[in-house]
Protein chains: 2
Amino acid sequence: MNKKVSLKDIAKAVGVSTALVSYVLNNKEKEARVGKEIAEVIRKKAMEMNYQPNQLAKSLKSGKSFTIGLILADISNPFFANIARTIEDEAKKYNYTVIFGSSDENAEKSRDLIEVLIERQVDGFIIAPTERTESQIESLKKANIPFVLIDRYFPKIQTNYVITDNFGAAYRATKHLIDAGFERIGMIAYKNGLIHMKERVRGYKQAVKDAAYGKALLKEVTYEMGEGEIQDKIDELINGKQKIDALFFATNTLSIHGLKYLNRKKLRVPDDVAVVCFDECDAFDFFYCPLTYVKQPLVEVGQQAVNILLKKINNPEKEEEQVSLASDFVIKKSSAK
Amino acid sequence: MNKKVSLKDIAKAVGVSTALVSYVLNNKEKEARVGKEIAEVIRKKAMEMNYQPNQLAKSLKSGKSFTIGLILADISNPFFANIARTIEDEAKKYNYTVIFGSSDENAEKSRDLIEVLIERQVDGFIIAPTERTESQIESLKKANIPFVLIDRYFPKIQTNYVITDNFGAAYRATKHLIDAGFERIGMIAYKNGLIHMKERVRGYKQAVKDAAYGKALLKEVTYEMGEGEIQDKIDELINGKQKIDALFFATNTLSIHGLKYLNRKKLRVPDDVAVVCFDECDAFDFFYCPLTYVKQPLVEVGQQAVNILLKKINNPEKEEEQVSLASDFVIKKSSAK
DNA sequence: AGTTACTGTTTAAACGATTAAATCTCAAAT
DNA sequence: ATTTGAGATTTAATCGTTTAAACAGTAACT
């Protein structure tokens, strides 16, 4: 069992104190006036013994772990998976490591994760918060732990956040369908109190209202209920007296399940029903009809979140920052009349 | 700035030594014979002050971080994303935290990741190794750091690993096409020295050979080259004098790019060309023709990897374990004559 | 009274690193 | 010869925990 090499081991091997070794290996020779030759010897020995500093000990001493805790709502969703990747890359630029976990839209899991990560002394958090986690966010704030919310935020709590303009994007998507000549536009959304979803619904309703015809044909499904409920809601929209001619899906998972069902029902896009999706997804490439979708600026969200967080970590007095980014809107055949 | 609460703070507040507090909060009252009433007081105070132990300090003292380092070849691939999730869940059962990074099939990145994670004192690694990382694996072994390889391994190095039987799965997939009556079966694979890929190719070749007709129509593409090369290779298979009537894709990414191209070329599956894929993928649900594919037991790979790793961590003398799991083979329309 | 045996609590070293302060060595300046 | 001071190195405290060992107090037994 070859134990790990510590500063002490090197010190012993060279015949000096650990202080000297520390100075040399941290390039503080100048300030500490370390002898030139001995510095060389130490450096060589460290190499030779394959010394790798113990980050835990460093962190303990310095009170900084150079670690960011990332809590996502659902890692299996490519939307979040891609944000995770961006955040990891961006953090690495500043020598930060990311530890992440998925709350799976579950407040308990979220609480556990935050606790574990605090115990591991993360320097700050990036969180896509879930329903009923306001209190957790409040606690972080009270404890003066730096954090940035992404994708969603709580209007009642003053925090850092980076989101996309969901209202604007949904309005534009709906308006696009209206302008294209569709008249009974349905929307499938999740039923929850999260701001991003509310905003998307609000954007849709506003656009319908502004067009001054028909009424909003909104169906909401519960996150936990799965595919079955989505299918029921689509049935309602299709079979209602207000038979829809276009459908707006509020997220990529809703799109996938919804489109699969349209396929099953042999409804052709866009002839039987036009489709616009919020978010994209690899799978769309295989759909027979190219899909129109709202393209959120994932990379920017991730980068800005990291940057704001690091600013806050390095200056806890900093004011909270709120960023709302515009999305792209990619128009394809699925929304053509 | 409310600083974090430490054992010492609680000790001071209650008026006892830190030792007592430590014993109580670690439920060692029995062994340490702590007074019943004082224990209660301490516990209450800890609650009240919202004490959260510093895991770094614990780890430093104990020499165990309860952290696993996970290095994947490509986190954007759902195959790995799902394994990551399984590993996280399984690790959590044993109170381990997972820190992961993606090597993106790049030996340099892999080396950096391993170094960072060692500095953070992970107790062990789970790694899907990339080309030209043998030396890194050798180093880990020499340093006596517990690790388990997944998906791929190096035949020349005796290590723990959990893989799936790639030869068997590829053989079966090819045989299935042969039995269905296809006669010129092409294969698109990555050109690299990694064992999992070699085994898939070997399985394919063996099946073709055993069938005693035609010769293997194998095309290999480089990982870095992207879609263009895949398209060229498919063209060669389609336009060659040995025009293929079936195609076997060696990975899910190859499948996606390949199928998109078949679509573009207006080749119908399975009428113009039958298809079998290695690995599955959400996107497959949208393909007009349900796809036949090899379904690797992801969850089992993840769970076994964690379990073997933890066994090794807890008993460094333990013999290396090699596990090869059988895959499922899901037959759909895409391979029907 | 003196020994033994608990019970309850504190002391102090340790993990691996950092770093201000103390110490030691010489050579130059007085 | 003594002081000064700069250069080189060590000492020791510290971060937050854990834990063996030491210590103190009380009760029971001889």
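Note that the structure is predicted; figures quoted are calculated from it, not measured. Here is how names work: the chains are called A, B, and so on, in the same order as the sequence lines, proteins then strands, and each is numbered from 1.
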Practice item. Not counting sequence neighbours, which residues clear ring pair (Phe, Tyr, Trp, His ring centres under 6.0 Å) with B/F100? List them please. Key: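 Scan of B/F100 (ring pair (Phe, Tyr, Trp, His ring centres under 6.0 Å), adjacent residues dropped) gives A/F100.
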Review point. Partners of B/Y223 by ring pair (Phe, Tyr, Trp, His ring centres under 6.0 Å), sequence neighbours excluded?
Key: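 Expected list: B/Y190.
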**Study point:** Pairs satisfying salt bridge (Lys or Arg N to Asp or Glu O under 4.0 Å), at least one member in residues 154-163 of chain B, at least two apart
**Key:**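 Sorted result for residues 154-163 of chain B: empty, none.
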**Study point:** Of all pairs that satisfy salt bridge (Lys or Arg N to Asp or Glu O under 4.0 Å), the ones with a partner from residues 35-52 of chain B, not counting sequence neighbours
**Key:**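 Output for this query lists B/E29-B/R43, B/E40-B/R43, B/K45-B/E48.
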Review point. Contact class for A/S22 (heavy atom, under 4.0 Å): base, sugar-phosphate, or nothing?
Key: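 Base, at least one base atom sits under 4.0 Å.
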Point to revise | Ionic contact status for A/R111 with A/E108, cut-off 4.0 Å | key: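 Salt bridge: no.
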Review point. Going by an N to O cut-off under 4.0 Å, is there a salt bridge joining A/E321 and A/K311?
Key: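 Judged by the 4.0 Å cut-off on N to carboxylate O distance, A/E321 and A/K311 do form a salt bridge.
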Presence of [X] side-chain N/O under 4.0 Å of [N] phosphate oxygens OP1/OP2:
X	N	answer
B/Y23	C/dT7	no
B/S17	C/dT9	no
A/K28	C/dT19	yes

Which pairs, with at least one residue in [range] and sequence neighbours excluded, count as a ring-ring contact (aromatic ring centres under 6.0 Å, His included)?
range	answer
residues 107-131 of chain A	none
residues 34-70 of chain A	A/F66-A/Y96
residues 136-161 of chain A	A/Y153-A/Y161

Point to revise | Contact boundaries on DNA chain D for chain B, cut-off under 4.0 Å to non-hydrogen atoms | key: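 For DNA chain D, the relevant span reads D/dC15 to D/dA20.
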**Study point:** Nucleic acid contacts - residues 33-44 of chain B versus DNA chain D, non-hydrogen atoms under 4.0 Å
**Key:**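 None, since no heavy atom is under 4.0 Å.
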Check your understanding: Among residues 56-65 of chain B, which residues get a heavy atom nearer than 4.0 Å to DNA chain C?
Key ->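 Those residues are B/L60, B/K61.
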Check your understanding: the helix from C/dA1-D/dT30 to C/dT30-D/dA1: angle between its terminal axes, five pairs each, to 10°?
Key ->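 Comparing the first five pairs with the last five, the axes sit 90° apart.
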Check your understanding: Can you name the residues that form a side chain to side chain donor-acceptor pair (under 3.5 Å) with B/D104, not counting sequence neighbours?
Key ->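 Side chain to side chain donor-acceptor pair (under 3.5 Å) check on B/D104 returns A/R85, B/S102, B/K109.
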